[in-house]
Number of protein chains: 2
Amino acid sequence: MYEEYFRSFNKKVPLTQEEEALIKTYLTPKKLRKKQYLLQEGDVCKSFAFIEKGALKSYSVDDAGNEYIIQFGIEGWFISDLYSFITGEPATYNIDAIEDSELVLISKSANEELLRILPKYETFTRLNITGAYLAMQKRLTSIISSPLEERYENFITLYPDIVQRVPQHMIASYMGLTPETLSRIRRRISTK
Amino acid sequence: MYEEYFRSFNKKVPLTQEEEALIKTYLTPKKLRKKQYLLQEGDVCKSFAFIEKGALKSYSVDDAGNEYIIQFGIEGWFISDLYSFITGEPATYNIDAIEDSELVLISKSANEELLRILPKYETFTRLNITGAYLAMQKRLTSIISSPLEERYENFITLYPDIVQRVPQHMIASYMGLTPETLSRIRRRISTK
DNA sequence: AAAAAGCATTGATTCTGATCAATCCTTTTA
DNA sequence: TAAAAGGATTGATCAGAATCAATGCTTTTT
């Protein structure tokens with residue numbers, strides 16, 4: 001249990017056996033079936049999740065019922081509504097499982113205590129959030145400045161696993177497109 | 001000197017006099033004239049900057065010479081090409097001053113040493129990057145899911161100071177629009 | 001095994017924002 | 001103070017993505 005989590009942790013910040021054991025006491029495992037919610041808009045996000053196995057998405061829904069995928073997560077990634085987690089306000093995003101998944105949950109109190117007692121945990125957190133920030137900045141830059149074809153090719157090279165595992169209409173949503181448009185882009189790319 | 005920087009720091013993580021004095025030895029002041037570069041694409045980003053006074057923008061330029069503004073920064077904000085700063089690779093963004101500005105620079109080595117010797121500095125860093133992450137996520141969400149008018153009204157309420165101080169065509173660029181389109185959106189909003 | 005649901009593709013049409021171009025105003029610069 | 005540069009607005013046209021609609025295929029459910 002928690003293999004991926006500690007693999008990821010040790011890769012960024014090496015831990016002793018004792019530290020691992022300590023951290024373990026703050027973690028909770030959770031399994032989700034495909035389509036099951038981890039978080040629903042309006043609820044407060046009480047914990048954030050590391051993905052051991054599976055795939056999830058976070059998304060918002062507008063008044064007309066359209067889904068806008070904010071983020072995908074697969075093995076080795078964190079997923080949560082960070083704003084709700086930090087502030088305690090109701091979540092503006094939904095999170096659910098695209099595949100059967102296994103998660104490691106860290107509750108808000110666990111997180112706070114780990115930050116307080118274990119400097120390495122803060123370092124791990126800092127590195128993770130920095131990585132997430134850089135990834136999102138790249139995405140935003142490409143949305144603003146790159147033509148669609150390039151953006152899709154970019155996505156494919158950046159996240160080949162996700163392309164394999166996730167239906168196209170979700171990728172379209174992630175890119176801010178309709179499924180029809182993405183389908184046409186794919187055809188343009190393949191016929192050249 | 002460094003008033004804003006330490007105001008911001010103390011607000012997030014209270015410091016003792018000694019700690020402030022220690023940190024000061026790692027900081028460098030810098031003034032920029034309007035239009036002056038802080039960083040040019042292709043150079044390595046050797047330091048990141050806290051803005052004491054003034055306004056800057058970071059932006060990328062495509063092959064056709066079009067500018068895409070990635071971020072604005074005013075008093076109390078950090079600005080840098082974080083990816084280049086961390087990896088040491090050539091910067092993909094330019095940063096220059098929209099107004100005469102006063103900055104506090106933290107070099108890469110200063111940053112690393114402060115992270116190592118002063119846990120409060122790491123906490124400050126973590127909180128800053130988390131805040132930047134959340135702000136960018138909001139921006140991305142609104143790009144993907146909100147109609148243009150709403151996005152602009154959002155921008156106005158979120159950054160009223162920037163609307164005052166920055167020419168509209170830059171705000172258009174930040175929103176991924178042409179100046180003409182932004183002008184038309186403004187008219188639509190005002191005539192209702 | 002049949003029915004239903006989910007998904008990708010394609011075509012026709014509509015609509016929104018980009019582009020091209022001109023004008024007016026304000027701020028810098030010479 | 002005149003000239004130039006920078007910026008905002010408006011109009012006309014064009015291009016690209018959304019929308020609406022239909023079809024065929026695959027996977028899930030019954």
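Only a predicted model underlies this, so the values are computations on that prediction, with no experimental measurement involved. Hydrogens, waters and symmetry mates play no part in the numbers below; they use all other heavy atoms, side chains included.
Distance OH (B:Tyr68) to P (C:dA18): 11 Å, rounded to an integer number of Å. Going from atom NZ of A:Lys35 over to atom P of D:dT28 covers 10 Å, rounded to whole Å. Summarising the geometry, the separation between CG on A:Leu182 and P on C:dC7 is reported as 14 Å, rounded to the nearest angstrom. To the nearest angstrom, P of D:dT29 lies 8 Å from NZ of A:Lys34. To the nearest angstrom, P of C:dT19 lies 7 Å from CG of B:Asn66. One can place OH of B:Tyr152 at 17 Å from C1' of C:dG17, the figure rounded to the nearest angstrom. Whole-Å rounding puts the B:Met170 CE to D:dA8 C1' distance at 14 Å. Atom-to-atom, CZ of B:Arg33 to P of C:dT28 comes out at 15 Å; the value is rounded to the nearest Å.
For B:Gln168, a side-chain nitrogen or oxygen approaches OP1 or OP2 of D:dT9 to under 4.0 Å. OP1 or OP2 of D:dA8 lies within a sub-4.0 Å distance of a side-chain N or O belonging to B:His169. For the pair A:Thr178 and D:dA18, the criterion of a side-chain N or O lying under 4.0 Å from OP1 or OP2 is met. Phosphate contact (OP1/OP2 of C:dT9, side-chain N/O of A:Ser183, threshold under 4.0 Å): present. Considering only side-chain N and O atoms, B:Arg187 lies under 4.0 angstrom from the phosphate OP1 or OP2 of D:dT10. Proximity of A:Arg184 to the phosphate of D:dA17: no side-chain N or O atom is located under 4.0 Å from OP1 or OP2.
Taking the centre and axis of the six-membered ring of B:Tyr2, the NZ or CZ atom of B:Lys24 falls outside the cone set by 45° and 6.0 Å. In this structure, B:Arg139 is positioned above the aromatic face of B:Tyr174, its NZ or CZ under 6.0 Å from the six-membered ring centre and within 45° of the axis. In this structure, B:Arg188 fails the cation-pi test against B:Tyr152, since its NZ or CZ atom is not both closer than 6.0 Å to the six-membered ring centre and inside 45 degrees of the ring normal.
DNA chain D is contacted by both B:Glu180 and A:Thr181; B:Glu180 maps to the nucleotide lying nearer its 5′ end (nearest heavy atom per residue). Nearer the 5' end of DNA chain C, as judged by each residue's closest nucleotide, is the contact made by A:Pro167, out of B:Pro147 and A:Pro167.
Nucleic acid contact for B:Leu177: sugar-phosphate only, since backbone atoms but no base atoms lie under 4.0 Å from a heavy atom of the residue.
The side chain to side chain donor-acceptor pair (under 3.5 Å) test with A:Thr141 singles out one residue from B:Tyr93, B:Tyr68, B:Tyr59, and that residue is B:Tyr93.
Both A:Phe78 and A:Val13 are members of a single hydrophobic cluster when ILVMFWY side chains are connected at heavy-atom separations under 4.5 Å.
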